[in-house]
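Comments concern the structure below.
What you are looking at is a predicted structure, and each value in this text was computed from that prediction instead of being measured.
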Amino acid sequence: MKRLTIWGGLTALFFLQACESQMPEIIPTAPPTGEVTFTSSIDDLSASRANNTSWENDDKIGIFMLAAETDEILDENVSYITNGDGNFKKDGQGLFFPEDGSKVDFVAYYPYDAGFTTYPDYTINITDQSRQNAIDLMISDNLTGRSIENQNTGNNLQFTHVLSKLVINLTPDNGKSLKGIRLSVLDVPAKATINLKDKAISNISESAEEIPMHVNEEGTQAEAILIPQDRLPGNLRIRLEIGESRDVTTEITKLEPGNKYICNLKIKNAGQVTVDPEASHYAKWSETPVITKAMMENEAIEYISHYANTDSRASQSIRNYSMLYDKELKIAYWVAYPLCNYYLGDSGRTDKWGYDPGISWNFQPNLGKGFNGYDRGHQIPSADRTRTKELNATTFYYTNMTPQIGKGFNQTIWASLENAVRGWCSGTDTLYVVTGAMPTTETDKHIDYTEDNDGDNVAVPKYYFKALARRISATGGYQTLAFKMDNKKYSGNNYAQYALSVNELEEITGFEFFPQIDDQYKSNSKVW
């Protein structure tokens, strides 16, 4: 399931996912002798279909079976269908391995086209974006050198996206509805040819067209699947129509295969549009909120990543956690991390308070003796990293601390929520967590401060939040949930009454959480 080309963002990053296990290759029982059965996976868990994060009921793929030595087509465009679980069954006459034991290769594509007869050249046409899953071209070419000996060893088709995807997040500056807004991508080709065998794109149409984007019902997000290009004639331009027409220029200068590009547009009262594209260089893991270019260009903001370092053979491959840190306020706006059995053990709490080696000490608070009147509140809890003492010690970095009310909050209701989160981790392969601390609110922009051990100011958060996501293997979909609590004393431990949806938390904080997950999964506010 791990592929190097993913809907990964502006830059494709290569890393080992610590917890995300591969989709199981479920082997149907007792197929006829020589019959080929297929399971499948789509890129990495951080990737997704255009309209969903998994296969849907009645999705069809086309499969070509080729002689391994000569590429001679033995069977062409054979249709297979799934009920959404990734198991593909024949949709009519199926495929059979050659009885003489000779080896074959399989090339599969989605979506299935019954009239496709020009293998390996497949025609791309992205003019109609209304049904994006109908143009979300994916190709699988990983099954090579297979024979009748492999009938019962599993034939997992690993699909990768071969087109580019553009996502525009829309926010009205005045709070008014954007329902009915229309967006189009300007001056891009609508047609091309792709070779299913080597994924090379050719015959890109010379005429530049205006491609209408798919806009959700609320008018808050627009998407388009586009033909990859090494270099655009200029920066990618977007046309918005809501009452009047206006064009917006992004900073996107190329469209790479399999990449997902995110832009945030704020529409102001006077008809002005502010463009804030996604930053290009940060580790876009499944739990990482979107970091915009404006954030990264802010000299006070630092993006910090830490690795687990629990295995000398993969010391820089397995992620631990990442954060968006403010060097002036000396707190992190959020800390994002995966939670699964890999990170848990019996090391216990080290209490090894210290400076974060990922950033200069000058930008961190000195908290060796703690805050005056506040707890040193962990954003990633100590108990979430107990595999080794060394791993646990990374949670005691000063950058992970914020001034948090102790009695009645950090030591009670917030601790209860943290315990619950660890419990929810056991029900899935990986639970993705974002814990945050916000120094201001929409109605209160004043920042309160306390002092560290050197007498330097440290911002006091006005509220804390958690955003959670986990994949449901039975359906291929996701469950999400969020919490928000003020930094104050509470009389009880009922954290459930402070639950809200991830969509609601995004509106409150201004951050976009779990960008790889479709919005349909972000509306839940019921505690699991």
Side-chain angles (χ1 to χ4, degrees), residues 6-18 44 46 167 169 251-252 259-264 275-309 315-339 343 354-365 378-380 384-385 391 394-402 432-440 458-459 461 464-467 469 505-506 509-516:
I6 62 173
W7 285 124
L10 297 183
T11 302
L13 298 174
F14 300 87
F15 51 85
L16 173 65
Q17 296 283 4
D44 186 85
S46 64
V167 177
N169 296 313
E251 296 192 7
I252 298 172
N259 277 14
K260 179 178 179 180
Y261 300 80
I262 299 175
C263 283
N264 300 294
V275 183
D276 190 3
E278 185 184 19
S280 58
H281 298 293
Y282 68 96
K284 299 174 180 68
W285 290 313
S286 296
E287 69 276 6
T288 312
V290 171
I291 300 178
T292 66
K293 189 170 183 291
M295 293 176 191
M296 293 294 269
E297 289 179 345
N298 185 335
E299 293 184 357
I301 300 298
E302 191 82 16
Y303 174 72
I304 305 171
S305 288
H306 289 295
Y307 293 83
N309 295 324
S315 62
Q316 290 300 311
S317 297
I318 301 174
R319 70 189 186 276
N320 185 0
Y321 63 87
S322 60
M323 65 172 62
L324 191 69
Y325 185 77
D326 193 306
K327 296 183 288 188
E328 293 180 354
L329 302 182
K330 295 189 175 182
I331 62 170
Y333 291 108
W334 51 252
V335 176
Y337 49 98
L339 185 59
Y343 299 99
Y355 289 103
D356 188 332
I359 188 174
S360 171
W361 292 11
N362 296 334
F363 300 124
Q364 303 180 54
H378 288 66
Q379 294 209 59
I380 175 172
D384 286 0
R385 292 293 185 264
L391 184 61
T394 67
T395 69
F396 287 90
Y397 292 156
Y398 296 151
T399 53
N400 188 42
M401 305 299 141
T402 59
Y432 304 107
V433 186
V434 184
T435 302
M438 300 299 286
T440 63
V458 181
Y464 290 85
F465 66 81
K466 283 188 183 291
L505 186 63
E506 289 179 333
T509 63
F511 294 119
E512 182 183 357
F513 303 105
F514 315 121
Q516 80 283 2

- Please lay out, stage by stage, how Leu339 and Arg385 fare under the test side-chain contact (heavy atoms from CB on, under 4.5 Å). CA-CA 9 Å; Leu339 185 59; Arg385 292 293 185 264; 4.1 Å; yes
- Message: Pair Phe363, Glu302 - check side-chain contact (heavy atoms from CB on, under 4.5 Å), show working.
- Response: CA-CA 10 Å; Phe363 300 124; Glu302 191 82 16; over 6 Å; no
- side-chain contact (heavy atoms from CB on, under 4.5 Å) between Glu278 and Lys284, worked out: CA-CA 11 Å; Glu278 185 184 19; Lys284 299 174 180 68; 3.3 Å; yes
- Item | Audit row: Glu506, Phe513, side-chain contact (heavy atoms from CB on, under 4.5 Å) steps and yes/no | CA-CA 7 Å; Glu506 289 179 333; Phe513 303 105; 3.5 Å; yes
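When every heavy atom of Pro515 is checked against every heavy atom of Ile262, the shortest pair comes out as CB-CD1, 4.0 Å. The two atoms that bring Ser286 and Gln516 nearest to each other are O-NE2, 3.1 Å, heavy atoms only. Smallest separation of non-hydrogen atoms from Val434 and Pro289: CG1-CG, 3.9 Å. Residues Tyr333 and Pro439 come closest through the heavy atom pair CE2-CD, 4.0 Å. For Tyr355 against Pro365, the heavy-atom pair with the smallest separation is CE2-O, 3.8 Å. Shortest non-hydrogen contact noted between Thr399 and Gln364 is CG2-OE1, 3.6 Å.
Defined by atom type and a distance below 3.5 Å, a donor-acceptor pair is missing between the side-chain atoms of Tyr307 and Ser305. In this model, no donor atom of one side chain and acceptor atom of the other lie less than 3.5 Å apart for Asp384 and Tyr343. Side-chain atoms of Asn169 and Glu512 include a donor-acceptor pair closer than 3.5 Å.
Of the possible donor and acceptor atoms, one in the side chain of Lys327 sits under 3.5 Å from a partner among the backbone N and O of Glu299. Formation of a donor-acceptor pair under 3.5 Å by the Lys293 side chain with backbone atoms of Glu251 is not found in this model. Between the side chain of Gln379 and the backbone N or O of Ala332 there is at least one donor-acceptor pair closer than 3.5 Å.
Atoms OH and CH2, from Tyr398 and Trp361 in turn, are 9.0 Å apart once rounded to the nearest 0.5 Å. Taking CE of Met323 as the start and OH of Tyr303 as the end, the distance is 10.5 Å to the nearest 0.5 Å. We find the OG1-CE distance between Thr402 and Met438 to be 12.5 Å, quoted to the nearest 0.5 Å. In this structure, the separation between OH on Tyr282 and CE on Met296 is 8.5 Å, given to the nearest 0.5 Å.
With a 4.5 Å cut-off on side-chain heavy atoms, Leu329 and Val458 do not count as touching.
Taking the six-membered ring for Trp and the full ring otherwise, the centers of Tyr321 and Tyr397 sit at least 6.0 Å from each other.
When each of Tyr464, Phe396, Tyr337 is paired with His378, the ring-ring contact (aromatic ring centres under 6.0 Å, His included) condition holds for Phe396 and for no other. Applying side chain to side chain donor-acceptor pair (under 3.5 Å) to His306 and the options Thr395, Asn320, Asp356 leaves one that passes, Asp356. With respect to Asn400, the side chain to side chain contact (heavy atoms under 4.5 Å, CB included) criterion is satisfied by exactly one of Ile380, Thr394, Thr435: Ile380. Tested against Phe511 for a side chain to side chain contact (heavy atoms under 4.5 Å, CB included), the candidates Leu505, Leu324, Ile291, Thr292 yield a single pass: Leu324.
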